[in-house]
Q: 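Can you read through this structure? Questions will come right after.
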Amino acid sequence: MTYEFTLIEGDGIGPEVTAATIRILAAAGVDIHWTKVPTGAAAVQSHGTPLPDVTLRSVEQTRVALKGPITTPVGHGFTSVNVAIRQALDLYVSLRPVKSIPGVPTRHENVDLVVFRENTEGLYSGREHSPVEGVVETLRVISERACKRITRWANEYVRNEGRDKLTLVHKASIMKLSDGLFLDSFNQVADGYPFVTHEARLIDDVVRGLVIDPNQYDCMVMENLYGDVLSDLCAGLVGGLGVVPGANIGDRYAVFEAVHGSAPDIAGRGIANPTALVQSGVLLLRHIGERKAANNVEKALFSVLERGEVRTGDLGGSANTEQFTNAIMAALGTHG
Ligand code: NAI
């Protein structure tokens, strides 16, 4: 079968890491035809906007996209193309699996966490105003519908992936109405999943616990801002944003992306590390049911990193993107 998916190359190192990833997915034996669509700086030149309609229409048609990082202009212009894509396509789950990588030494070993971040509400609702000069208010929107659908999605994931436990991360002790609504919704949805272990913990307790002993947690669900901060903290536990994957998923569409930025300092030099986006490619393959190919790509990537002979500069090696990609493709031959 040939899949038809959308390719959003993004800015900076985006074209380099997306090219590496699609070569590796092809080498894993999954036949994907990619429709390349414009975003970011290139789209501003060609279409006068960093997120043209044609890009969103393509994802609506193909249902699945692989996306490189997009530069966010600071202080002016479009707030964030990334946030706009999530909102336009109602991608309400930000999925961030965080797993120790063989050969990438970190303070804690065998970390294996999953963060589910509610992607459409909270302080990211974009509703800000200034009631009087010198004072600004931001509206933090929490709805029962959004709390329940992300909690349901997280429970399904825990059950389908054979995970152990789902923790709600909240601050209902202070935000009694908004986080209280999330807590009530979490408890109501939990009733429908009797074989998943549930717990609710205060966010301050969770961040302290994560840096001391991350393995006391398994899967964690939370509202938008907590998830933004906590998922980056978790990435730091296994080597940083350069090695963890991300996906934004809704009921109809899914966008798989690197969570690092466009790295303008190394863009165009062919030295970017594609590890994060390759791992997002693994999530994409699992999403479409190509589990065998997904496991093979993950094994090949991990075996190259574990051997440590071919590594990019950010991980202390001297290989360029192409050499690293070739090493993964060679390892795929032995794992296929
Ligand atoms: P960044 O992640 O682009 O770079 C931080 C540092 O990490 C730099 O030294 C960079 O060279 C390095 N780095 C990042 N990815 C790497 C990779 N794959 N291989 C090797 N080294 C890598 O963060 P920064 O500089 O804060 O952001 C640059 C731009 O990216 C900004 O406009 C920001 O808004 C945007 N951005 C976009 C994201 C997205 O599209 N999902 C996420 C984060 C930032």
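The first residue in the sequence is number 1, and the count goes up from there. Because only heavy atoms are used, hydrogens play no part in the values below, and waters and symmetry mates are left out as well, while side chains stay in. First listed ligand is number 1; within each ligand, the first listed atom is number 1. Just so it is clear, the structure is predicted and the values come from calculations on it, not from any experiment.
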Q: Using a 6.0 Å cut-off, check whether atom CD of Q61 has over 12 heavy atoms from anything other than its own residue.
A: no
Q: Using heavy-atom distances only, which candidate in V83, I70, D11 approaches atom 40 (O) of ligand 1 most closely?
A: I70
Q: Looking only at distances, can you tell me whether any N or O atom of A263, backbone or side chain, sits closer than 3.5 Å to an N or O atom of ligand 1?
A: yes
Q: Looking at ligand 1, would N82 count as a contact under a 4.0 Å heavy-atom criterion?
A: yes
Q: Which ligand 1 atoms are under 4.0 Å away from a heavy-atom of P69?
A: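 Those qualifying, in numeric order: 39 (C), 40 (O).
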Q: Using a 4.0 Å cut-off to any heavy atom of T71, which atoms of ligand 1 qualify?
A: 32 (O)
Q: Transitively linked via ILVMFWY side-chain contacts under 4.5 Å: L305 with M329?
A: yes
Q: Look at R286 together with E161 and state whether they make a salt bridge at an N to O cut-off of under 4.0 Å.
A: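 Salt bridge absent between R286 and E161.
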Q: For ligand 1, which atoms, with element, lie under 4.0 Å from some heavy atom of I13?
A: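 Checking each atom against I13, I get 15 (N), 16 (C), 17 (C), 18 (N).
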Q: Which ligand 1 atoms does E257 reach within 4.0 Å, using its non-hydrogen atoms?
A: 41 (N)
Q: Say whether F186 and I174 are linked into one hydrophobic cluster, either directly or through other cluster members, by side-chain heavy-atom distances under 4.5 angstrom.
A: no
Q: So if I count the atoms of ligand 1 from 1 in the order they appear, which ones are less than 4.0 Å from some heavy atom of N273?
A: 17 (C), 18 (N), 19 (N), 20 (C)
Q: Counting each atom of ligand 1 from 1 as listed, which ones have a heavy atom of A258 under 4.0 Å away?
A: 41 (N)
Q: Does ligand 1 have an atom under 4.0 Å from some heavy atom of S262?
A: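 S262 counts as a contact of ligand 1 under the 4.0 Å cut-off.
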Q: I'd like to check the side chain to side chain donor-acceptor pair (under 3.5 Å) partners of T197; sequence neighbours left out, ordered by chain and number.
A: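 With neighbours one apart ignored, the set is empty.
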Q: Pairs of donor and acceptor atoms involving the side chains of residues 105-114, under 3.5 Å and at least two apart or interchain, shall be tabulated with distances.
A:
residue	atom	partner	partner atom	Å
T106	OG1	H108	O	3.1
T106	OG1	L237	O	3.4
H108	NE2	V211	O	2.8
D112	OD1	R163	NH1	3.1
D112	OD1	R163	NH2	3.4

Q: Mark up the atoms of ligand 1 that fall under 4.0 Å of a heavy atom belonging to P264, in ascending order.
A: 28 (C)
Q: Could you work out, for atom 27 (O) of ligand 1, the closest of A20, G261, G40 by heavy-atom distance?
A: G261
Q: What is the distance from atom CD1 of I249 to atom OH of Y157, rounded to the nearest 0.5 Å?
A: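 Between atom CD1 of I249 and atom OH of Y157 there are 8.5 Å.
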Q: Is it the case that more than 12 heavy atoms not belonging to Q87 sit under 6.0 Å from its CD atom?
A: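 More than 12 within 6.0 Å, yes.
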Q: For atom NZ of K36, is the number of surrounding heavy atoms from other residues, nucleotides or ligands below 6.0 Å larger than 12?
A: no
Q: Which of the numbered atoms in ligand 1 are under 4.0 angstrom from any heavy atom belonging to I266?
A: 11 (O), 20 (C), 21 (N)
